[in-house]
Amino acid sequence: MYLFAPHTIGNAVKLGVNPVPPDYEWHGSSAGRKPYSHQIATTNFILANKESFILSSQGTGKTLASSWAMDLMIKETGLPVLIIAPLLS
């Protein structure tokens, strides 16, 4: 049996597959390369959980993962997204 459904964040989460579309263009990664697997996992986590805290260690790509998730959410819903982060001084 096969199931065909549009690839949306909501459908992907319901079906238990990665919410990031396979043809997503990963902007911002250096030299245009694909992000590391933990960055993709973080992006999927953010998309699968409406409210989430990202408490990964320093230097793991939290900012890029958040911006990719934000980009996908805005493209799909057109609604604004709020990211709260500490101000560095």
Side-chain angles (χ1 to χ4, degrees):
M1 180 174 142
Y2 294 97
L3 173 67
F4 295 97
H7 193 291
T8 63
I9 295 169
N11 285 344
V13 171
K14 288 176 191 172
L15 295 171
V17 297
N18 291 335
V20 177
D23 60 345
Y24 180 64
E25 186 176 324
W26 299 94
H27 63 84
S29 55
S30 58
R33 70 170 187 252
K34 191 174 178 182
Y36 295 110
S37 61
H38 65 273
Q39 292 173 311
I40 295 172
T42 301
T43 303
N44 285 327
F45 177 81
I46 295 168
L47 293 172
N49 297 280
K50 290 183 179 183
E51 298 174 359
S52 58
F53 289 100
I54 307 304
L55 304 173
S56 301
S57 299
Q58 182 178 353
T60 57
K62 297 177 296 294
T63 303
L64 274 174
S66 298
S67 70
W68 293 323
M70 178 183 66
D71 181 51
L72 286 161
M73 285 186 228
I74 291 171
K75 284 180 180 177
E76 184 170 313
T77 66
L79 298 173
V81 176
L82 175 65
I83 296 177
I84 300 174
L87 177 63
L88 299 176
S89 55

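Numbering of residues begins at 1 and proceeds along the displayed sequence. All values below come from the heavy atoms of this structure, side chains included, with hydrogens, waters and symmetry mates left out.
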Scanning both residues in full, the closest heavy-atom pair of Ser57 with Thr60 reads O-OG1, 2.8 Å
Rounded to the nearest 0.5 angstrom, the NZ-CE distance for Lys75 and Met70 is 11.0 Å
Residues passing the side-chain contact (heavy atoms from CB on, under 4.5 Å) test with Met73, sequence neighbours excluded, are Ile9, Ile46, Leu47, Ala69, Val81
With a 4.5 Å cut-off on side-chain heavy atoms, are Trp26 and Ile40 touching?
yes
(request) Please state whether the rings of Tyr36 and His38 are parallel, tilted or perpendicular, taking 30° and 60° as the class boundaries. (result) parallel
Closest non-hydrogen atoms of Pro19 and Ala48, given as atom of the first, atom of the second and distance, are CG-N, 4.4 Å
Margin query: If we ignore hydrogens and angles and just use 3.5 Å, is the side chain of Asp71 paired with the main-chain N or O of Ser67 as donor and acceptor?
Written below: no
